[in-house]
Number of protein chains: 2
Amino acid sequence: MNPRPDPAHTSGLIEQLEVASTRFAQPRSAPERVADFLREEIVQGRLVSGTQLTEESISGTLSVARNTVREAFTLLTGERLVIREAHRGVFVTRLSLPDIEDLYRMRRIIEPSALRSGPEFGPSSIESLQAAVRDGLSARESGDRHGVASANQSWHRVVVGLAGSKRLNHTMSGLLAEMRLIFAQMGNVEDFHIKYLVRNAEITDRAISGERDEAARGLDTYLEEAIADIQERLC
Amino acid sequence: MNPRPDPAHTSGLIEQLEVASTRFAQPRSAPERVADFLREEIVQGRLVSGTQLTEESISGTLSVARNTVREAFTLLTGERLVIREAHRGVFVTRLSLPDIEDLYRMRRIIEPSALRSGPEFGPSSIESLQAAVRDGLSARESGDRHGVASANQSWHRVVVGLAGSKRLNHTMSGLLAEMRLIFAQMGNVEDFHIKYLVRNAEITDRAISGERDEAARGLDTYLEEAIADIQERLC
DNA sequence: ACCTAACGATTGTTCAACAATTGCACAATA
DNA sequence: TATTGTGCAATTGTTGAACAATCGTTAGGT
C-alpha cells in the first residue's frame, strides 16, 4: 500500500521544479565547478590513478584561489575519487582489489534488493529499463564501446532508481563513478560490458513479467560473475 | 565460495591497523574537528533543525578561521546534516516527511538485503548482534532511554555490517546520523525504540538459526511499521 | 653504507580584503 | 492601506598573501 511514486513517471512539471528549486537553479559555486572538472578528468581516465594533484598547479590552470581548490579536494575526497594524505597531498584514488571487491559487495546488497522492492513497477520505469537495454544493444551494433559502457551504467542506475529513493540514487551515482575509475585504471576493458548486455535484457524481461525474485537472483549472480571476471583480469 | 571475512571477527589487530593506518593515525584536520563538533551538536539536538550557522559566530567560538568553518560546512553538507543556501547561509537540516520516507525506503533496500547476504554468519557476528540486543534490553531495565536508542542503532549498524562492506558501513553511518537528527527534531520519542527491542531479538534469533529469509522479511515489515509509526506521529 | 642535518617544496591554517547577494528598513507612490 | 522602489547593513563567496608545520631529498659527516 501507499503506492511508491513511479520514479520514471515523475518527470512532470512538478518534479522538475522539485529538482531545480532548492532556491531556483543554484549556479554551482567555484569549488563545485572545480570538483566537477576534476571529477570528469578522473572518471574519464585523463587523470590516471595515483597522480598527485597539487594545489598550486590546479589553482593556476583553472585560475582560482588555493582555498577554492582545497574545498574541491574535500568534495572529491568525500566521493573517494581522490585520497588525501596529510601534509603530503591529494592523489587520484588507486582502487585496490579489496576496494573493488568492497564495491561489488555493496552493489550486490543494493541492486538485487532494489529489483525486488515495492509493489509492481510503473510503465515508465519499465520503459526506462528497456530503453537502457536498447541503447546498449544498438551501441554494440555500431561498435560504440563507450556507448555500451554508458548504457550499461544507465541500466544499473535505473534499476536502483526503481526503489524510488533520492538518497539511494545519490549513493549509487557515487558507486558508479568509482566503477568508471576502476575501468579507467584497468584499461583493456573495451569488451568487458558487452557480455552483460544480454543479461541486462534477460533480467529486465523477468522483472517486467513479474518474476521479481528470479530477476533479483539473476542480478546477484551477474554481479558475482562480474567481480570474478575482474579478479581474473587483475591476477 | 570465497568466504566473506567475518566482519565482527575482524576486530583483531589487523583490522585495527587497517582502520588506523591510512598513514598511521592521521590526526584530524581543523575542518574535520569543527565538523565533528558541529555534527555532535546537531545529532544530539543541541543545535535545533532550522538553526542558521553563521560563519563568523562559529569561527569566533571555536577560534578558527572562516575558511576552516567553510570547509567544515561542505563536509556536513555532504552528510546532509546541514543545508547550504547560496548567499544565504547554512542551516541545520530540517527533515521533511518525504525526506524521512526516503530515508526509510533506502534502509528497507539495504538492511534486509544485508541480513540475507553471503554465506552463514560467523560466530563473532552473531555475538555482536546478540550483544546489541542485550544492551538494549538491559538499558530498558535501567530506564536508560538514551541507552535504548543507542543500542538500537548499534543493532542496525551490526546488521548492515554483516555484508562486510566498508563503503556500505560508511553509508549506513550517514543514514543513522540522519535518523538521530529526525528523532532530535521530533522530540517526544522517548519510548519510540522500546517496542522494537523485541523485534530485534526475534529477527536476531531467526538470522542465527538459519532462517535468513524470514529474518529479512521480518526486518522489512519492521521498517515499514516504523515509518508508518513516524508518519502517524507527525500528522 | 648509514645516520644526520639542513634545505626546498608543499600542505595546513590564518587573516584581511573586496565583490556579490540577500534581507530589511524606509520612503515614495498609487 | 497596500504596494513598489531604493538604499543600506550584514553575510556569504572568493581571492591573495602570509606564515607555520611537515615531508622528501640532498648534502655532508662518520
Side-chain angles (χ1 to χ4, degrees), chain A residues 20-39 41-42 47-94, chain B residues 20-39 41-42 47-94:
Chain A
S21 74
T22 301
R23 180 171 186 75
F24 288 147
Q26 302 216 12
R28 297 181 83 68
S29 67
E32 280 171 333
R33 286 196 309 270
V34 173
D36 288 344
F37 172 77
L38 292 176
R39 185 184 308 108
E41 294 290 304
I42 291 172
L47 277 174
V48 235
S49 283
T51 306
Q52 176 167 14
L53 306 177
T54 64
E55 301 179 352
E56 198 181 9
S57 73
I58 292 175
S59 84
T61 63
L62 297 186
S63 302
V64 291
R66 252 185 73 206
N67 273 322
T68 303
V69 175
R70 219 130 213 305
E71 273 199 50
F73 282 169
T74 76
L75 249 13
L76 294 172
T77 302
E79 305 172 21
R80 294 194 212 83
L81 295 180
V82 304
I83 179 176
R84 186 170 235 153
E85 297 188 19
H87 293 287
R88 287 199 7 113
V90 321
F91 305 81
V92 178
T93 300
R94 188 193 300 274
Chain B
S21 74
T22 302
R23 180 174 186 75
F24 288 145
Q26 300 219 13
R28 297 181 82 68
S29 68
E32 280 170 333
R33 286 196 308 271
V34 173
D36 288 345
F37 172 77
L38 293 176
R39 186 185 307 110
E41 294 290 306
I42 292 171
L47 278 174
V48 237
S49 283
T51 306
Q52 177 167 13
L53 305 178
T54 65
E55 301 179 352
E56 198 181 10
S57 73
I58 293 175
S59 85
T61 63
L62 297 186
S63 302
V64 293
R66 253 185 71 206
N67 272 323
T68 303
V69 176
R70 219 132 212 304
E71 272 200 51
F73 283 169
T74 76
L75 248 14
L76 294 172
T77 301
E79 305 172 21
R80 294 194 211 82
L81 296 181
V82 303
I83 180 175
R84 184 170 236 153
E85 297 188 19
H87 292 287
R88 287 200 6 114
V90 323
F91 306 82
V92 178
T93 301
R94 189 192 299 274

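These figures come from a predicted structure and were not determined experimentally. In what follows, every chain begins at residue 1, and chains take the letters A, B, ... in the order their sequences are listed.
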Review point. Using a cut-off of 4.0 Å between protein heavy atoms and nucleotide atoms, how would you tag nucleotides 6-11 of chain C 5' to 3' with B, S and -?
Key: -----B
With sequence neighbours excluded, residues passing side-chain contact (heavy atoms from CB on, under 4.5 Å) with [X]:
X: B:Ala65; value: B:Thr68
X: B:Phe91; value: B:Gln52, B:Ile83, B:Glu85, B:Arg88
X: A:Ser49; value: A:Val92, A:Arg94, A:Leu181, A:Gln185

Could you tell me the separation between the [atom1] atom of [X] and the [atom2] atom of [N], rounded to a whole number of Å?
X: B:Arg28; N: C:dT13; atom1: CZ; atom2: C1'; answer: 17 Å
X: B:Asn67; N: D:dA17; atom1: CG; atom2: P; answer: 15 Å
X: A:Leu62; N: D:dT14; atom1: CG; atom2: C1'; answer: 15 Å

Study note, to complete from the structure: Residue set satisfying side chain to side chain donor-acceptor pair (under 3.5 Å) with B:Arg39, at least two apart, ordered chain then number -> B:Asp36, B:Glu79
Practice item. Can you sort out the partners of A:Arg66 under side chain to side chain donor-acceptor pair (under 3.5 Å), two or more places apart, ordered by chain and number? Key: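 Applying side chain to side chain donor-acceptor pair (under 3.5 Å) to A:Arg66 gives A:Glu55.
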Review point. A:Ser63 near the nucleic acid: base, sugar-phosphate alone, or nothing, with a heavy-atom cut-off under 4.0 Å?
Key: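 A:Ser63: backbone/sugar contact only, no base atoms under 4.0 Å.
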Review point. Under 3.5 Å, is there a donor-acceptor pair between the side chain of A:Thr51 and the main chain of A:Leu47?
Key: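 Not at all, since once roles are kept as given, no pair shorter than 3.5 Å links the two residues.
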